[in-house]
Structure formats: structure tokens, C-alpha cells
Protein chains: 2
Amino acid sequence: MATGRKATGKKAAATSVPDGVVTLEMVAEEAGVSPSTVSRILNGTAKVRESKVRAVRAAISKLQFQPNPVARSLARGRSMSVGVVIQAIDSPFYGEALAAIEKGLFRAGYSVLFLSGHWREDDERRCVEHLLARRVEGIILVTSCLPDAELVRLAKQVPIVLTGRSIEAERSYSMDADSTPGARLATEYLIGQGHRKIAFIAGPADHPDSQQRLNGYKAALANAKIAYSAKLVVPGDYTDGGGHLAMNRLLDSKSEFTAVFAANDQMAYGAMLALHRRGLRVPQNVSVVGFDDLPTSSYIIPPLTTVHRSINELGEAAAEAMIDLLDGRVPVSKQSSATLAIRESTKPLRH
Amino acid sequence: MATGRKATGKKAAATSVPDGVVTLEMVAEEAGVSPSTVSRILNGTAKVRESKVRAVRAAISKLQFQPNPVARSLARGRSMSVGVVIQAIDSPFYGEALAAIEKGLFRAGYSVLFLSGHWREDDERRCVEHLLARRVEGIILVTSCLPDAELVRLAKQVPIVLTGRSIEAERSYSMDADSTPGARLATEYLIGQGHRKIAFIAGPADHPDSQQRLNGYKAALANAKIAYSAKLVVPGDYTDGGGHLAMNRLLDSKSEFTAVFAANDQMAYGAMLALHRRGLRVPQNVSVVGFDDLPTSSYIIPPLTTVHRSINELGEAAAEAMIDLLDGRVPVSKQSSATLAIRESTKPLRH
DNA sequence: ACCGATTTGGAAAGCGCTTTCAAAAGTAGC
DNA sequence: GCTACTTTTGAAAGCGCTTTCCAAATCGGT
């Protein structure tokens, strides 16, 4: 229980499997070759006589040698790590993205240093600084809050990949999975179901992503020759609570609507609750569509009709793009288009 | 767009703010002192004449010097990074924990290398290996799947903090935020509301945490002199889908019950949907209680009564414990007890 | 058996910082 | 002004690898 055995001075008894850390030099000695040879074998940077290779291999496994990545990084001048800054790790959406990113980078031998920016520009800037100081080889910014100019400047220092944003800069890759088509898809679906008065719960106004969703909504309306009414658009903040508030506001404004399109699933949840509280039923009285298709959306009551984009694919693509960038390749953009997961929160409007 | 300017050979023109990387040596030269002095100032490891301190400070800001953490790590033999392995980053629960851990460690100057184990023992083992190879100074295992013996062995190599588990080992800290009391609290609440036939949707059987929840349930029953019935306990897997399945199974088994306690919120969601599908209303026909109090639980319909533990505090505590361990202190355990968030998924049973 | 062309492999110089060691510079005390 | 200490400070030796440079070994040919 107590602290117990304290640091056992560096020079402990030498056993067959050394107590402390095994170095490449020890391996060299054990195998009767020079350190350079061991290094060469480790990295395959030169031909080495088969007999020595075997001896070294044996020594390595006997001593259980593991190259020290720190020393390696220093010598090579490469840290083999990339930074990921995400806004809110506790959102299921970003969590999934992060998981995919981590997986992809891990496979390629990179470690990921992840930090969250909490949607605050300052915090994000600090994260980036920290990552730069840590000498990451690249930075993936998931939905960055930083101004374009700053990102462009950043891209000069280190390869970056951006999601939900788009900038013009070398050694950078923007995966601006444009939300417009998805939003349009959702809105058109509602229109197809006979809805004409469709409210929209928007995301933060300064968010490109959120603007795209608004644009998609508008485009669908325009296409169907339905007049856009600003009164049917209420701002939200991408949280459940925000959706709840927005719906209440909408309801209070007495604007009539038969369907709601929320810019993300979480806001749709909140909106549905608000509706429920006022005795309005989904989808009988109001149809609701979300955006993101969070895992929980299939299990909520009623299961939510929502725009689905494989966030997993997004994450994987981000990781891949970063690896391409790091290897000096130009990432190939492969867009995965949005689909609509039709569930039970929507129904045709009966006249 | 295209690849454009390629690597610009190392020796570029020397400008006032060097193009490449500024080293401590350059600072030393600029300030007219020796590298050791700069290092001493940087680390405050010795007294240095005020005039030199100023000169060095000036040089540092002039050159915009940032010490290279890789070199520093190598020299000091400390990586200033800790590993965090989590099972499913895409779960809101773990996401929040991770965020808190990250925050705490970041403040203390550590970077976090995070990996996810996907609930698979093998994957987790691989993560740990990777972290060890990366020379992290400590590892935080959030709900580890590894067998005790292995953890004990691991603790010999590096300080570890465990959540949701408990092992006996030096230089380790288990934050087995015992779920038993929370589960008991939930069950007792249902009993207090007059329920006698309370079903339990369990988590994975091999999960200590999930066992605790079962135990808490049993204890509350026993305390109220209610016979425990194995038929009212169905296994789940901590996912929404699992809860849905479990509830269907329960319903099919024709066992009677007036309330359900799900071992986590996600399963409660799934269970509620299953109930809904069968035309059973929550809480009118069945009361439902969850465990975890996910952010969404307040916004689901009906808002879920659930056991709340500050997962944020848990994460912070984990980070703090790790820092204590790293500094050679013995972490003080500070349990935060569970509370019940009473919402609208439960109601008194009327006779 | 000898010579030039290849391979192999070791020595040694870093990578950028920390830290030990001992010399240089202050500070008192007489 | 000189001795005896007590700071300050610089030189240099690492930390554990990679990589360049060059000598040694090997090989093919005649």
C-alpha cells in the first residue's frame, strides 16, 4: 500500500534480462557487431551479412530490446507523431471521428497527440502551439475555429488537414465534406412528403458547416418554389439544450410549421422533447429530421430520420490524407456522399 | 494546388528569424553565453547573474526559440507524455472522461497519447505495448479488459491508474469508483416508489463494473426483503442495441415487472424504445432507470431518471492521481459519490 | 595470383538538450 | 593585499539512435 520501494539506484545487478532499459549498444555488444550494424538491420538501410543479421536478431530477442523512439526521433529529426485538435471530444460525433483518425494513424506508425479546443479560438490556438512545440509532424484540425489566414500561415509550418473547412494552401488538405447536399436532401425529403412549412433549427451562425446546412435548406425550398421565411429559422448551438430552446422559441413565435429540420441530431433531440412537452407528437403533428445520424438516433423515441454521413469514413480519410501529406504525396479526395436514414420521426403530411 | 515547392534544402539564407529550427546553442551564441547557461535559465536549475538572464531572455524572444522536447526528453530520460487507453472513444461516457484526463495532464505539461482498445483484450495489450515502446511515463487505463495479473506486472514497469477496476500493486492507483452504491441507490429509489417487480438489464458479465451494478441491485432487493428472481435479470452489452434486445427478451419471457433498471443509459434508451414498440409507456406502464447520466439523458423522451456520477470529476481525478504517481506522491483517494438524477422516466407504482 | 569494382561494417560525428566537473569570479575576513 | 570560501559559468560528456565516411573484406576477371 505505502510508497514502498523507492527508485532503485541506476546500477542494479545485471541479470540476463537487464533490469533497466536495453540500448542498441548493448545489443551490438551481445551480437558482437557495431551499433551501426544493428541500426542498419533495424531500419533495413543497408545490406548486412545474413549471419550477422541472425546474431543481431537473436540478441534483440534475448535482451528484449525495443528501440527508444525518443532517441530515434532526435536522430532522425522526425517525431512520428501527429496532432489532432478536436472541439468537443465528449460529443459522440467527434468521438467517432477521433477513433477513426487514431486507428488510421496508429496503423501507419504514428502516435496521435490529441487536444480539444472547446470551440474557443484561443484554446485552439494554444493547442496548436503546444503541438508545434511538441514537434508533431502534422496537425489534423477537426472543425477548426481559427480564421483562414491563420490556418494558411500554419500550413506553411506543418502539413495540416482540415475537416469541415476549406482553405487554399500547399501541404494542406481540406476535407470540406460540404453539408449543403445533405441538408438539401433532408429538406427535399420533407417537401416530398408534402410539407410546405418547414422550420429550420440552425447551428452557430459563424460556422461554415452550419451555414452550409442552412444553404441546403434554402436551396431545397427554392427548388420547390417555396418561399423562404426567416421566421421559420431559429438559431441553435448544436447542443441538445440549444435545440430545446430553439423549438420553444419557435413554438412561442406562433409560426406555423408541420416539419422541422434540425442542423444536427442533438438539437433534434432537444426539439423533440420541447414538442413533447407541449403535447405535440412526432411525427403525427410535426415531422423532425436531424443531421449526423448519431448511433443513438436509431434508438431514440421515435427513431430519428436523419442525414447520414459515415463519420468513420471521414476520420479514416483524414488520417489517410495526413499520411499522404507526410509522405509527400498529394491526397486524393474521395468524397462520400450523404444519404438519408429514413426512420420514424417523419411522415407524409396529409391534406 | 499542385505539390509546389519541395523541401527547401537545409541551408537556407539566414534571416533575423531563422528559417529553420532555432536551437539552444543559437540562443547561447546570440546572448554571448554558453549553452549550459541557457539551459540553466530555461530550467531554473541554478542561479544565473541577472544581466545574463536578461540577455538570454532577449535572445530567446528575438529568435523565437522553443526548446525541442524530443531532445529534452532524451537528455532527461523523461518523455513527458502519458498514455491513455480507453475502450470506446465514441461513447459519450468515455469521451467525457478522456476530455477531463486530457485537460488535467495538459495543465501539468504532459502530452497524452491516447489509444482505444475496443473492448478487446488483444487490442488493449497491443496498445499498452505501443505506449511502453513510446516510453510514456505512465498509463491510464479506463476500464481495462486485461487480467489482474497482467496489470500487476504492468504496474512494475510503469505507474498506472485504473478506473473501474482495482488491483493491489505499488506505483498504481485504482479508482474503482464502485458502482455498487449507485446501483443500490437506483434500485432503492424504485422500491421506494412502490415497485416490487424490478427487472435488471445487466452489462457484460465479465465486467467488474457491471457485476457491481448487479450487486447493488441485489443488495437493495435483499434489504427490502424482496426475493431476487433470475428471470428478471437479462444480459446486455452496454449498447443501445443491446438494451433493445434485452428488453425484447424480457418482454417475450412474459415475466412481470413494473420497473426496469438498466446498467447504463444507453441500454435504457434501447429498452425504452422496445417498450414503446410494444405499446408500453414509460413511466405510466413501466418505470425505467439508467446509470451514467449521459448528457443526452436529460433530453430523451421521457427524460431519464438515472444514476449520476461526475464523469468529469472521475477523469480529473485520474489525471491528478497520475501526476501524483509521477511525482512520487501517493495519490489521495477522493471518492465522489453517486447521486440519482430523478427525471420523468419513473413514477410511483399505484396499487 | 593480382587489380579494380563492389559490398560490408566499424568509427565517429551528430541530433538538441541536460548535467557533472572543475575553473573563474566574487566575497569576506584578517 | 592575500587566503579561504562561496557563487557563477563554461567545457565537455553524455542520452540512444542514425548516418556519413572510409577502411576492410569480398568478388569477378584475367
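We name chains A, B, ... by the order of the sequence lines, and we start the count at 1 in each one.
Atom pair B:K47:NZ and D:dT6:P shows a separation of 16 Å (rounding to whole Å applied). Put simply, CD on A:E50 is 17 Å from C1' on D:dT26, counting in whole angstrom units. Across the protein-nucleic acid pair, A:L24 atom CG and C:dC15 atom P stand 19 Å apart, rounded to whole Å. One interatomic measurement links the two molecules: CZ of A:R134 to P of C:dG16, which rounds to 17 Å at whole-angstrom precision. Whole-Å rounding puts the A:L74 CG to D:dC15 C1' distance at 9 Å. The CD atom of A:E29 sits 13 Å away from the P atom of C:dG10 (whole-angstrom rounding). To the nearest angstrom, P of C:dA25 lies 10 Å from CZ of B:R49. Rounded to whole angstrom, the span from the CD atom of A:E25 across to the P atom of C:dA12 amounts to 13 Å.
A salt bridge links B:E50 with B:R54: the closest approach of a Lys/Arg side-chain nitrogen to an acidic carboxylate oxygen falls below 4.0 angstrom. Salt bridge status for B:E150 with B:R125: present, with a side-chain N to carboxylate O gap under 4.0 Å.
Regarding contacts with the backbone of C:dT8, every side-chain N or O of A:K52 stays at 4.0 angstrom or more from both OP1 and OP2. Taking only side-chain nitrogens and oxygens, B:S34 comes nearer than 4.0 Å to OP1 or OP2 of D:dG10.
Checking C:dC17, C:dG10, C:dG9 against every side-chain atom of A:V48, the shortest atom distance belongs to C:dG9.
The main-chain N or O of A:L141 is never found under 3.5 Å from a side-chain atom of A:S144 such that the two would form a donor-acceptor pair.
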Mind listing the N/O atom pairs, protein and nucleotides 19-21 of chain D, below 3.5 Å?
none

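For B:S34 and B:T37, the side-chain atoms include at least one donor-acceptor pair closer than 3.5 Å. Residues A:Y94 and A:S116 bring no donor and acceptor atom of their side chains to less than 3.5 Å of each other.
Between B:G32 and B:R135, the residue anchored closer to the 5' end of DNA chain D is B:G32, taking for each the nucleotide with the nearest heavy atom. Mapping A:S51 and B:N68 onto DNA chain C by nearest heavy atom places A:S51 at the nucleotide closer to the 5' end.
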Task: Full working for salt bridge (Lys or Arg N to Asp or Glu O under 4.0 Å) between A:R120 and A:D122 - done: CA-CA 5 Å; A:R120 265 177 262 118; A:D122 275 4; over 6 Å; no
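Heavy atoms of A:P69 sit nowhere under 4.0 angstrom from any nucleic acid atom.
Each of A:V128, A:I139, A:L162 was evaluated against A:L151; a single residue qualifies, A:L162, per the side-chain contact (heavy atoms from CB on, under 4.5 Å) test.
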